[in-house]
Trainee: 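One structure coming up, written as structure tokens, with questions to follow.
Naming convention: chains lettered A, B, ... in sequence-line order (proteins, then strands); numbering from 1 in each chain.
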Amino acid sequence: MANCINYKEVLNASQLEAVMTQEGPLLVIAGAGSGKTRTLVYRVARLVETGVPPESILLLTFTRKAAAEMLERAASLADERCRFVSGGTFHSLAHKVLRGAAHFLGFDNNFTILDRSDMEEVIQSLVQDMTIGRGAIRFPKRSTLTNIVSKAANLECGIETLMGEEYGQFLEYAPQIKKLQGLYAEYKRDNQLMDYDDLIVFLRELLSTHEQTRMVLSDQYRFVMVDEYQDTNKIQADIIKWLSRDHHNIMAVGDDAQSIYSFRGANYRNMFEFPMLFPEAKLIKLEQNYRSTQPILNLTNALMGQAQEKYTKCLFTERKDGEIPRVVDTGTEPEQAFFVSTKIKEEMSRGRSIRDFAVLFRAGYHSFELEVELARQGIPFVKYGGFKFMEAAHIKDVLAYLRVIVNRDDGVSWGRILRMLKNIGPGKSQAIIAWMKESACSASEIAAWPGAGKAGEGLKGLASLLGALSARDFAPTAVVEQVVKYYKPILQEKFDDFPRREKDLEQLVLMAERYRKISTFLDDLLLEPPNSAAEMGVVHKGDCLTLSTVHSAKGLEWPVVFVIWVMEGYFPPARANAHEEAIEEERRLMYVAATRAKDRLILCYPGRETGRSWFSSEARGLSSFIQALPHGVVEHASSRGRGVRASVWERVMPLGKRESRFIATTEKPEGLKKGDRVRHPAFGQGVVAKLVGEEKVEVLFKNAGRKLLHLGYTILEKV
DNA sequence: CATCACGCTGTTTTT
DNA sequence: CAGCGTGATG
């Protein structure tokens, strides 16, 4: 039975107003820690309480987990029926709709979803088919290409525009990349594939061109709520517009100061445009903070005070007292790791629980050094962000088998499976896939491929596995179990950290238990991928210190937060104009990090160069936005000179100064043109990059580094 | 055509 | 460290 809630008792005035406003468009500007989730939870409860059927409420959040937690809370404090509210991400909504309506767009409803690495693989293979790489110097690598294509899709801008603004260093290849984009789209259509970007693009297309679908959705979801609105992009804003065009019952909640997803097209200006989209929109600001002490809020307020464009708000709290945030120059990165771990140990010996701490950073690898030091000092930790469980090679390997069982046409997965066999590489795997398509043979008949030769044994084994699996309708667990059994010898060959990876596979078997169909299992893994084995809820987390990227720490809080920061530093010359924009984003990132802290905040930065390579602080010193803070907001300190030790990598592999590029100027042999491939007796093959005057050419050798500097030049021959 | 050993390089953040 | 290209070897 429903509990009776006294809203006035549990909500402040602004929150109450948001909860009680049920009809019409509503924009809630919710500062960090201002009870945003609470407000959403109570609003769901209130809607249900006043008789709105739960199924007609749609709660769009940033992760499905966030939605599930909110609905759980609403159910437990108000009405059990809150569990029937539809909640999820834009992507999961799109997926659900498209599984039943993709045919209106000329797709098969059984389309396969491409994850990031599949996308990279397809793009890579297209690049090879195009033979773009031929004669091209410094053609972007596949992950960069994928970033470009994906971002262009999310921003809905042309390749040239995007590249002009953000990838100046590759601008000369814009025509090829544009062609690549076209080929990629074509490939996806031919093979019934959709990537993450397609899901939302196609949902919008469906809504705008297919009146029937729009009507069905708009009728079903009479009340729409969007959380983290600052992280939506233009396409998602359009989806919102279409969904609520008829009823205008749309509530968007967000904080422009916390927009940290511009790299995937998110545009916090959506928040400023909401009132234009819905002119009668009511605007509510939540400014009282229930998380941090006032000194911490002074810092975050000052940070956002520097921003160019914002909804001005000033966070305040009743917790007036507290320690002033500290900014600590820790010297080098190894010293920083030592400082943080020692400090935490110290606090723990005074009775603090290890769960009270978190260390936040911008990129996964920024904590490498710290992880080693923590292990050395015997401090247990869990890490969020960085590499994904799903992206681990061994997981992808196993899933590839499942995918071909579900969708026999999935060429990407076939390639992966085949290349795991002895004596089968890129060439043969492609040939086999082509042959399979041509002869329309079943999975268990691949052993009949005429060109097998030495690979015959392996093919037979694979065929019998797939034959056995498709012969009967096994439960997902059983299928995964058999695949893992087949795969284990391969795993052993392929990786030397065999035991760790083997454990992951056992987790995968356990996860499959929750599903009745393999296809749903796969869809779920792609749309709500677990971060790690620990996050899958299978491994007990125990008492651990939390390490996390700022992005993965959104919405969470800890009593004591350390932020380890590398200054806004790395911008290739061709991107120098991106500097301003990047600093704006870094500032918001720091804002999100700082607002995670309840009681104490310690910002650490390495003030001294460590002389190491890529994962060290290339840029050192203090970020400009910290320097610009007014006096008294932070307290500066130094921990230099304590616990100096060589970095892990210096111990493992000493690094000298390295030369980065090596273009040799040399005498020009007869008839040599730009783009010609040439051979150098000492350095192997290179490409003529440039003609210098009449007699000389510049030749670029890849990977010939230091040798070139020492040996001097000789005559080149054309290849 | 597959595989191996070697050398060189390096923005990141996620649905 | 991981990813990638290269050139030598089956």
Trainee: Please report the distance, rounded to the nearest Å, between NZ in K141(A) and C1' in dT12(B).
Mentor: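 To the nearest whole Å, that distance equals 11 Å.
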Trainee: Between T549(A) and dT14(B), is there a contact of a side-chain N or O with OP1 or OP2 at under 4.0 Å?
Mentor: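 Looking at the OP1 and OP2 atoms of dT14(B), one of them is under 4.0 Å from a side-chain N or O of T549(A).
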Trainee: For the residue pair Y196(A) and H91(A), categorise the inter-ring angle as parallel (less than 30°), tilted (30 to 60°) or perpendicular (more than 60°).
Mentor: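 Correct class here is perpendicular.
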Trainee: Find the distance Q230(A):CD to dT15(B):P and express it as a whole number of Å.
Mentor: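 The answer, rounded to whole Å, is 15 Å.
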Trainee: Does the side chain of N147(A) pick up a donor-acceptor pair with the side chain of R116(A) at under 3.5 Å?
Mentor: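 Note: N147(A) and R116(A) side chains meet the donor-acceptor criterion.
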Trainee: Could you tell me whether the side-chain ring of F263(A) sits stacked on the base of dT13(B), using a centroid cut-off under 5.5 Å and a plane angle under 30°?
Mentor: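 Here F263(A) meets both the 5.5 Å and the 30° conditions.
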Trainee: For Q236(A) and dT15(B), what is the distance between atoms CD and P respectively, to the nearest whole Å?
Mentor: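 Going from CD in Q236(A) over to P in dT15(B) covers 12 Å.
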Trainee: Counting only side-chain nitrogens and oxygens, does S92(A) get under 4.0 Å of the OP1 or OP2 atom of dT15(B)?
Mentor: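 Result: no.
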Trainee: Under 6.0 Å between ring centres: does that hold for F202(A) and F107(A)?
Mentor: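 Yes: the rings meet the under 6.0 Å criterion.
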Trainee: Picking from dT15(B), dT12(B), dA2(B), which would you name as closest to the side chain of P426(A)?
Mentor: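 Given the options dT15(B), dT12(B), dA2(B), the side chain of P426(A) is closest to dA2(B).
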Trainee: Between C1' on dG5(C) and CZ on R142(A), what's the gap in Å once rounded to a whole number?
Mentor: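 Answer to the nearest Å: 13 Å.
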Trainee: May I ask you to check whether D195(A) and Y184(A) show a side-chain donor-acceptor distance below 3.5 Å?
Mentor: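 A pair is found: one side chain offers a donor N or O, the other an acceptor, under 3.5 Å apart.
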Trainee: Mind checking L199(A) for me? I need base, sugar-phosphate or nothing, with any heavy atom below 4.0 Å counting as a touch.
Mentor: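 Counting heavy atoms under 4.0 Å across all strands, no contact is made by L199(A).
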Trainee: Between E585(A) and G427(A), which residue's closest nucleotide on DNA chain B lies nearer the 5′ terminus?
Mentor: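 Here G427(A) is the residue nearer the 5' end.
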Trainee: From CD1 of I239(A) over to C1' of dT15(B), roughly how many Å is that when rounded to an integer?
Mentor: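 Answer to the nearest Å: 12 Å.
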Trainee: Just the rounded figure in Å: distance from P of dC4(C) to CD of Q124(A).
Mentor: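 About 6 Å, once rounded to whole Å.
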Trainee: Could you give the NZ-to-P distance, from K422(A) to dG10(C), as a whole number of Å?
Mentor: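 Roughly 17 Å, once rounded to whole Å.
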Trainee: Hey, what do you get for OG1 (T232(A)) to CE (M271(A)), rounding to the nearest 0.5 Å?
Mentor: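 Reported to 0.5 Å precision, the distance equals 8.5 Å.
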Trainee: Atom OH of Y261(A) and atom C1' of dT14(B): how far apart are they, to the nearest Å?
Mentor: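 So the OH-C1' distance, Y261(A) to dT14(B), works out to 5 Å.
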